[in-house]
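Here is the naming used below: chain letters follow the sequence lines, and residue numbers restart at 1 for every chain. Computed from a predicted structure; not experimentally measured.
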Amino acid sequence: MGLSSDFLLKDKTVSNFSLAGSMAIKSLISPQATHFSYVEVTLQKPLSLMAFTLCMRVATELRGEREIILFAYRIPSHDELNVWRELDGRFSIYIGGEGVHFHIPELSSMQTQLCVTWDSSSGAAAFFINDKKSLTKIFKRGHIIRSEGRIVLGQDPDAFLGGFDVKQSFVGEILDVNLWDYVLSDTEVQDTFVRKRGNVIDWETTQLNINGEVVVVDVQL
Amino acid sequence: MGLSSDFLLKDKTVSNFSLAGSMAIKSLISPQATHFSYVEVTLQKPLSLMAFTLCMRVATELRGEREIILFAYRIPSHDELNVWRELDGRFSIYIGGEGVHFHIPELSSMQTQLCVTWDSSSGAAAFFINDKKSLTKIFKRGHIIRSEGRIVLGQDPDAFLGGFDVKQSFVGEILDVNLWDYVLSDTEVQDTFVRKRGNVIDWETTQLNINGEVVVVDVQL
Amino acid sequence: MGLSSDFLLKDKTVSNFSLAGSMAIKSLISPQATHFSYVEVTLQKPLSLMAFTLCMRVATELRGEREIILFAYRIPSHDELNVWRELDGRFSIYIGGEGVHFHIPELSSMQTQLCVTWDSSSGAAAFFINDKKSLTKIFKRGHIIRSEGRIVLGQDPDAFLGGFDVKQSFVGEILDVNLWDYVLSDTEVQDTFVRKRGNVIDWETTQLNINGEVVVVDVQL
């Protein structure tokens with residue numbers, strides 16, 4: 001599946017009022033499971049990471065009956081940085097094709113602020129769910145996340161940008177996806193809820209390529 | 001098991017960058033159950049206590065299927081101050097070889113701020129879980145916790161510094177262990193989450209002797 | 001059972017140090033079920049109420065297997081104002097011998113701030129559990145709570161001050177019992193957690209008559 005049917009977010013925004021003193025951000029709604037709906041996030045700089053913080057807000061009514069892809073960064077040969085809700089309810093981070101799993105509170109219809117941090121020098125990886133931090137696991141110490149990939153929300157690309165599986169697709173709402181090339185402090189991660197912007201992905205300014213049935217609405221923060 | 005293989009924390013810190021305005025503290029990660037991984041906490045003054053407040057942050061994926069040692073202070077003849085998660089899910093404080101049990105919320109993969117207070121003059125003992133205080137129990141009134149012991153994290157020493165049981169070992173993450181020789185006020189205990197430092201163990205400055213597979217990472221608060 | 005074995009709280013306080021800038025209040029610990037341990041709360045003015053707010057902090061390890069008396073105000077002929085945790089887990093308010101029941105979150109080992117409000121002119125009665133308010137029920141509209149009674153914590157008096165049943169006794173910790181002769185605003189009720197004092201019972205200054213195995217400790221707030 002190529003990029004020929006892509007178009008830019010600004011053309012598809014369905015709600016675009018704004019209130020004085022507030023800020024509107026885009027929110028992505030995937031009403032149903034498909035093998036063709038996804039959003040590509042345009043990178044503002046090449047993604048070569050020795051550390052990262054990834055945050056998003058996510059809400060879904062999907063229960064524990066299947067895998068759910070939450071974030072996919074794939075280079076031509078393999079998945080380089082993925083975040084999953086697994087079949088058994090655990091969450092996982094895949095880096096360079098290998099995964100580490102966490103038992104953390106489940107997603108629900110209520111928005112969850114979900115962040116992931118990882119640092120190559122120590123291998124320390126952790127989740128944050130709302131204002132709570134998980135235990136830290138040591139994982140892929142010394143690895144460097146490679147550039148020249150593409151970021152996809154809503155589907156797990158088994159090919160560079162395609163090979164999607166409806167049973168792994170995301171159904172629900174994702175917004176405010178921000179990515180930093182370093183590990184924010186615990187306090188800063190908790191502050192991301194109140195409007196910190198990534199230096200690799202900045203959700204306020206990043207360009208989104210919408211495909212399929214994804215609906216974009218503006219949310220007043 | 002002696003101290004011959006010990007080495008100091010500073011030599012083993014695997015990540016040591018710092019951000020302006022934030023503070024880094026050491027975090028201890030025990031990736032798996034062993035009978036040989038533990039951390040000895042060097043005491044800054046002899047531990048002769050008529051009262052105490054002990055706080056730590058702890059996260060674990062261990063479920064209710066076995067005992068978990070959370071803190072051990074042993075003198076040559078016996079355990080003088082231990083904190084356990086018991087087989088049946090209750091928490092316990094052992095002082096001078098005797099225990100008192102509490103039904104309190106269970107530990108999880110998400111970090112819990114756990115504090116214990118005890119005062120010899122009244123015998124009042126209580127747990128704090130995050131910002132909640134448990135009921136108070138009367139226990140070991142008049143006892144004085146004896147000096148000349150050693151503090152071990154991650155294992156229960158059945159001998160002075162050895163006799164470890166893999167089935168009691170800690171698996172997960174422990175950090176920010178602080179000990180005071182008096183009972184902090186309820187408000188102060190809740191404030192320990194935001195960086196109060198013990199006068200008997202001060203986690204920021206205390207020297208740790210790392211043994212076995214414990215990984216030390218720096219966490220930016 | 002008379003008052004001959006009573007003695008004053010100040011004589012029984014077992015821990016009485018104080019820290020600069022903090023405040024100590026008395027906490028009542030009932031280590032086990034008895035038919036003879038109780039605390040009588042001395043009234044600072046006669047209790048003739050057309051409305052009230054009653055607050056306390058309470059923690060218990062008792063599970064749902066039996067009734068638990070939380071507050072009893074009895075006049076010679078009958079119970080005039082009682083608060084119960086019922087056999088079926090519901091909470092109830094009895095006024096003038098009649099009760100109203102609420103399904104609210106259960107008590108636990110962790111301290112719960114529990115408040116009850118009632119107003120004769122409307123009959124509106126509600127519970128507050130920590131910072132949450134229950135639904136309102138209409139109950140005993142027009143009733144006036146009569147004076148010349150006695151307040152007992154820990155037992156349900158079936159006679160004026162006696163006739164206790166071990167199976168209804170309170171086991172655990174009760175503190176910070178305050179009573180007002182009017183209905184506080186919702187916000188004020190939530191503020192009681194941070195040190196508001198009743199105008200009918202003020203826990204800081206009220207005199208307590210301790211009987212049996214109740215232990216009194218000072219808690220630094």
Side-chain angles (χ1 to χ4, degrees), chain A residues 49-53 85-86 88-93 98-107 112-143 180-192 196 199, chain B residues 9 12-32 37 56-65 68 70 105-114 129-131 154 170-176 193-195 210 212-221:
Chain A
L49 302 174
M50 298 189 60
F52 70 84
T53 303
R85 210 289 308 265
E86 300 283 345
D88 63 5
R90 290 186 299 170
F91 284 70
S92 56
I93 311 166
E98 288 179 76
V100 63
H101 294 68
F102 292 74
H103 285 284
I104 55 177
E106 59 185 335
L107 297 177
T112 296
Q113 168 80 356
L114 182 147
C115 296
V116 180
T117 60
W118 174 76
D119 173 46
S120 176
S121 67
S122 66
F127 275 89
F128 290 77
I129 298 293
N130 297 328
D131 60 344
K132 305 294 187 201
K133 184 179 184 180
S134 78
L135 81 178
T136 300
K137 297 195 175 189
I138 303 302
F139 171 61
K140 294 297 278 183
R141 189 169 166 184
H143 183 81
W180 292 259
D181 57 10
Y182 59 97
V183 174
L184 276 69
S185 71
D186 290 5
T187 309
E188 286 175 314
V189 171
Q190 287 151 6
D191 283 350
T192 57
K196 289 205 84 162
N199 69 338
Chain B
L9 175 75
K12 206 174 180 184
T13 300
V14 290
S15 166
N16 208 342
F17 68 96
S18 72
L19 296 170
S22 87
M23 185 181 72
I25 62 168
K26 300 171 282 282
S27 184
L28 307 178
I29 298 165
S30 300
Q32 58 184 326
S37 298
M56 65 182 73
R57 295 197 221 182
V58 58
T60 179
E61 291 187 340
L62 290 172
R63 296 286 167 233
E65 69 274 15
I68 308 170
L70 295 172
E106 60 185 335
L107 298 177
S108 74
S109 302
M110 307 311 287
Q111 282 183 13
T112 297
Q113 169 80 354
L114 182 147
I129 298 293
N130 297 327
D131 60 345
F170 178 78
V171 182
E173 183 170 14
I174 287 186
L175 67 158
D176 216 7
F193 205 50
V194 284
R195 231 167 278 187
I210 311 298
E213 297 179 350
V214 179
V215 179
V216 182
V217 295
D218 277 359
V219 173
Q220 302 292 327
L221 295 185

Practice task
Using modelled atom types only, decide if a donor and an acceptor are shared between the side chain of B:Gln111 and the backbone of A:Lys133 within a distance under 3.5 Å.
Solution key: no
Practice task
Answer yes or no: is there a donor N or O on one side and an acceptor on the other, between the side chain of B:Ser109 and the main chain of A:His103, under 3.5 Å?
Solution key: yes
Which value, rounded to the nearest 0.5 Å, describes the distance between [X] atom [atom1] and [Y] atom [atom2]?
X: A:Ser134; Y: B:Glu173; atom1: OG; atom2: CD; answer: 7.5 Å
X: A:Leu135; Y: B:Leu62; atom1: CG; atom2: CG; answer: 10.0 Å
X: B:Met110; Y: A:Asn130; atom1: CE; atom2: CG; answer: 8.5 Å

Exercise for the section: Name the region of B:Ser27, side chain, backbone, both or neither, that has any atom closer than 4.5 Å to a heavy atom of chain A. Expected result: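 Neither part; nothing is under 4.5 Å.
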Handout entry: Set of residues satisfying ring-ring contact (aromatic ring centres under 6.0 Å, His included) with respect to A:Phe91, sequence neighbours excluded
Key =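 Counting only residues at least two positions away or on another chain, A:Phe91 forms a ring-ring contact (aromatic ring centres under 6.0 Å, His included) with A:Phe127.
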Handout entry: NZ/NE/NH1/NH2 to OD/OE distance under 4.0 Å, A:Arg90 and B:Glu61
Key =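 Looking at A:Arg90 and B:Glu61, the cut-off is not met.
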Practice task
Check step by step if side-chain contact (heavy atoms from CB on, under 4.5 Å) holds for B:Val215 and A:Thr136.
Solution key: CA-CA 10 Å; B:Val215 179; A:Thr136 300; over 6 Å; no
